[in-house]
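First the structure, in the form of structure tokens, and then the observations on it.
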Amino acid sequence: MIGFFLRRVIQSLLILLGVSLITFVLLYWLPADPVRQIAGRSATAQTVENIRQQLGLDQPLWVQYWRYLTGLVQGDLGRSYLQKTEVSTLIASRLPASLLLMAGAIFAELLIGLSMGVIAALRRGTATDQSLMIVSFIGVSAPQFVVGLLLLYVFAVQLGWFPIGGYGTFAHLVLPSMTLGILGSGWYSRMMRSSMIEVLRQDYVRTARAKGLTRLRVIFRHALPNAILPIIAMIGIDIGIFMGGIVVVESVFGWPGIGQLAWQAIQRVDIPIIMGVTLVSAAAIVIGNLLADLISLLVDPRIRTR
Amino acid sequence: MANSTSIDPIVTARKEPGILVQIARRKLALFGLFLVLLTVFAAVFAPWLTSFEPNEQMFDGLSIHGAPMPPGGAFLLGTDLLGRDLLTRILYGARTSLIIGVAANGLALLIGTIVGVTAGYFRGWIGSVLMRLTDLMMAFPALLLAICLAAIFQPSLWIVALVIAIVYWVQTARVLYAETASLAEREFIAAERTLGASHIRILVKHILPHLVPTIIVWGTLGISTTVLLEATLSFLGVGVQPPTPSWGNIIFENQTYFQAAPWLVFFPGLAIVTLALAFNLVGDALREILDPTQRGRD
């Protein structure tokens, strides 16, 4: 088992190396010239050339990549072209906001998704089941910016229950978390429903009922914990979708996380920041997948014997 | 080719009612199909369904204070910030969404199929290299990658389609890889190989036909995903560029004003959700109909 885990860790590191190479090559070929952007319109050819040399952008691609990689190993993500600050500092200052949003979103999607799934499974085949599944379909079909703007309009502009955007209090967290959570809950409710139906069909559930345990006790003590197992591993995989979603949601709600940082950097062609955020996101995804594997391994002994 | 001697199970499969008949029996799927046809109708007949031009800035399209007109009256769904008829722009926007849904998703499906089938059938080093590539792609946050790519290239409708295909082919490739790999181990494939069939013949005649149901299901569900991706990119301003109407860029253009004119977000948003929902409903029904492992379950 430790061998398996080590192999997966090494594999993950190789994947991150690949991601860094691809991103680096992509951004290096960027047609929009960052040097012109930094120097401004009125800069002379000489100034532009000086800045290019200063940033090392006149070196061949592989020299630049190697320099980046040696920095990366030491935790150095380079300096922002425009903000003249270390990228790692910028990301570190933005990361807590994004992690908070992630926690809120995961809480929201599990709360909505799992309860919908369990209710649908218990009421299987009824009108309740069907309407819940239609709602979950609508959830996965709605783009985050539409959900976000609608929530903003109804709950912030019209009802005034929550602030229109920004960061700081619990009230600020609710709408962005719900926006991300509604999309995710669509997937979770469908998975939870089929997982629950599968578990309710098992012999041990029937045995528990036959022993005379109440229906509620069987559902909450015996069926639910087993039905949730495959869902937990999903959370790890979910991080990939989440990392894309924050770019949109943070820009709609003015949430000062790494999604907003990335979006601003993309608009200003601030390559080191784009690189840094992409790498951090990729690392989050890879770690998420790793955790998903590990959790499945720990909670399901059947996988361990393979 | 005469296939009477083949032991390929697809040749001897029992006859079932056609897919359309089975869809017609499911209320939700039928509803989804209706919405799809409605959107196609809107896209094709847009010029006849409205008396305005999509980029026409109407003299009476703005109030005397320069504000967009609310829904009702001559402009059924109101007008946008530039005094253009919103309904007209949404009707023409259906074209953008459908072109993306067909082109981007089609291209993603093609790449995914080629990569997945090649890796699953040949395995060995080719398979390893291709599957490690998909591992790599899976580690990219898809939306962030699409935004970067779209921002790098000057976005046009076709560039946006290409960008979406580049980030979206991976899922198809992985599913088809798994299916092809298990198919390649079946006896009838081994038998064909022993009989001297070439790789191309086996792939085209015996592997691909078995993958068709999966490809159809993923192709249908994928339209939903690609339409949503286009809308998101256009909303951020790195997708389809105005004045070409797209449901995403209608919201992008008008979002600064949405507190005062919520219809400018609501109606295009409704259009996006409707189309994505329609293809999700049809795709989900197709999965139940075509996937034998789903049969007999709820």
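Predicted model, so just to flag it, every value in this text is computed and none were measured. Residue numbers start from 1 in every chain, and the chains themselves are labelled A, B, ... in the order their sequence lines are given, proteins ahead of strands.
With B:Thr39 contributing its side chain and B:Leu35 its backbone, the two residues share a donor-acceptor pair below 3.5 Å. Without hydrogens or angle criteria, A:Asp270 side chain to A:Ser80 main chain gives no donor-acceptor distance under 3.5 Å. At least one donor-acceptor pair closer than 3.5 Å links the side chain of B:Gln241 to the backbone N or O of B:Gly239. The backbone N or O of A:Gly125 lies less than 3.5 Å from a partner atom in the side chain of A:Asp129, making a donor-acceptor pair. Under the 3.5 Å distance criterion, the side-chain polar atoms of B:Trp247 are matched with a main-chain donor or acceptor of B:Ile90.
For B:Trp263, the CH2 atom counts as densely surrounded, since its 6.0 Å shell holds more than 12 non-hydrogen atoms of other residues, nucleotides or ligands. For CZ of B:Phe31, the number of neighbouring non-hydrogen atoms (other residues, nucleotides, ligands) closer than 6.0 Å is 12 at most.
Of the listed residues B:Leu236, B:Leu229, B:Ile147, the one with more heavy-atom pairs under 4.5 angstrom with chain A than any other is B:Leu236. Of all the listed residues (A:Ile239, A:Val19, A:Val247), the one sharing the greatest number of non-hydrogen pairs under 4.5 Å with chain B is A:Val19. Ranked by heavy-atom pairs under 4.5 Å with chain A, the first of B:Ser224, B:Gly269, B:Pro262 is B:Pro262. Across B:Thr274, B:Val227, B:Thr232, B:Leu270, the residue that shares the most heavy-atom pairs under 4.5 angstrom with chain A is B:Thr232. In terms of heavy-atom pairs under 4.5 angstrom with chain B, the leader among A:Val248, A:Ile266, A:Leu149, A:Val277 is A:Leu149. Counting heavy-atom pairs closer than 4.5 Å to chain B, the top-ranked of the candidates A:Leu14, A:Ile15, A:Ile246 is A:Ile15. The candidate with the highest count of non-hydrogen atom pairs below 4.5 Å against chain A, out of B:Thr225, B:Leu145, B:Val273, is B:Val273. Chosen from A:Asn289, A:Val286, A:Ile22, the residue pairing most often with chain B at heavy-atom distances under 4.5 Å is A:Ile22. Counting heavy-atom pairs under 4.5 Å between each of B:Leu275, B:Leu277, B:Leu144, B:Leu281 and chain A puts B:Leu277 at the top.
Remark: B:Leu264 CG to B:Thr256 OG1 distance equals 9.5 Å, nearest 0.5 Å. A distance of 11.0 Å separates CG of B:Leu87 from OH of B:Tyr92, quoted to the nearest 0.5 Å. B:Asn249 contributes atom CG, which lies 12.0 Å from atom CD of B:Gln255 (distance to the nearest 0.5 angstrom). The CZ atom of A:Arg94 sits 10.0 Å away from the CD1 atom of A:Ile258 when rounded to the nearest 0.5 Å. Residue A:Ser195 holds its OG atom at 5.5 Å from CE of A:Met192, rounded to the nearest 0.5 Å. In this structure, B:Thr226 OG1 and B:Leu233 CG are separated by 11.0 Å, a value rounded to the nearest 0.5 Å.
For A:Val147, no part lies under 4.5 angstrom from a heavy atom of chain B. Looking at A:Ala262, only its side chain comes within 4.5 Å of chain B, counting heavy atoms on both sides. With a 4.5 angstrom heavy-atom cutoff, B:Val238 touches chain A only via side-chain atoms. Only the side chain of A:Leu150 comes within less than 4.5 Å of a heavy atom in chain B; its backbone stays farther off. Contact annotation for B:Leu28: only side-chain heavy atoms (C-beta onward) come within less than 4.5 Å of a heavy atom of chain A. In this structure, the portion of B:Ile251 lying under 4.5 Å from any heavy atom of chain A is its side chain and not its backbone. Heavy atoms closer than 4.5 Å to chain B are found in the side chain of A:Ser251, but not in its backbone. Residue B:Leu149 touches chain A through its side chain alone, counting heavy-atom pairs closer than 4.5 Å. Heavy atoms closer than 4.5 Å to chain B are found in the side chain of A:Ile164, but not in its backbone.
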Q: Verify side chain to side chain contact (heavy atoms under 4.5 Å, CB included) between A:Thr126 and A:Gln130, making sure each step is shown before the conclusion.
A: CA-CA 6 Å; A:Thr126 63; A:Gln130 278 167 3; over 6 Å; no
Q) After noting the C-alpha distance and the side-chain angles of B:Ser234 and B:Glu230, does the key distance pass the side-chain hydrogen bond (donor to acceptor under 3.5 Å, both in side chains) rule? A) CA-CA 6 Å; B:Ser234 297; B:Glu230 181 274 324; 2.7 Å; yes
**Q.** Audit row: A:Arg190, B:Asp284, salt bridge (charged side-chain N to carboxylate O under 4.0 Å, His left out) steps and yes/no
**A.** CA-CA 12 Å; A:Arg190 294 168 62 73; B:Asp284 194 61; 2.9 Å; yes
Q. So A:Ser189 and A:Leu132, side chain to side chain contact (heavy atoms under 4.5 Å, CB included) or not? Walk me through it.
A. CA-CA 9 Å; A:Ser189 63; A:Leu132 281 177; over 6 Å; no
Q: Check step by step if side chain to side chain contact (heavy atoms under 4.5 Å, CB included) holds for B:Phe140 and A:Ile285.
A: CA-CA 8 Å; B:Phe140 273 105; A:Ile285 293 172; over 6 Å; no
(Q) Quick one, A:Phe145 with B:Phe235, criterion ring pair (Phe, Tyr, Trp, His ring centres under 6.0 Å). Give me CA distance, side-chain angles, the key distance, then yes/no. (A) CA-CA 8 Å; A:Phe145 64 94; B:Phe235 165 73; 4.3 Å; yes
(Q) Applying side chain to side chain contact (heavy atoms under 4.5 Å, CB included) to B:Leu86 and B:Ile250, what does each step give before you reach the verdict? (A) CA-CA 9 Å; B:Leu86 184 60; B:Ile250 294 175; 3.8 Å; yes
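Interface residues of residues 156-172 of chain B toward chain A, defined by a heavy-atom distance below 4.5 Å: none. Proximity to chain A at a heavy-atom threshold of 4.5 Å picks out nothing from residues 96-104 of chain B. Of residues 128-139 of chain B, those residues with a non-hydrogen atom less than 4.5 Å from any non-hydrogen atom of chain A are, in numerical order, B:Arg132, B:Asp135, B:Leu136, B:Met138, B:Ala139. Annotation: residues 151-162 of chain A contacts chain B through A:Leu152, A:Tyr153, A:Val157 [non-hydrogen atoms, separation under 4.5 Å].
A salt bridge does not link A:Glu198 with A:Arg193: none of the charged nitrogens is closer than 4.0 Å to a carboxylate oxygen.
A 4.5 Å side-chain heavy-atom check between B:Leu286 and B:Gln22 finds every atom pair outside the cut-off. Counting heavy atoms from C-beta on, the side chains of A:Met191 and A:Trp187 never come closer than 4.5 Å.
For A:Glu250 and A:Ser98, the side-chain atoms include at least one donor-acceptor pair closer than 3.5 Å.
Aromatic rings of A:Phe24 and A:Tyr65 (six-membered ring for Trp) have centroids within the 6.0 Å cut-off, being under it.
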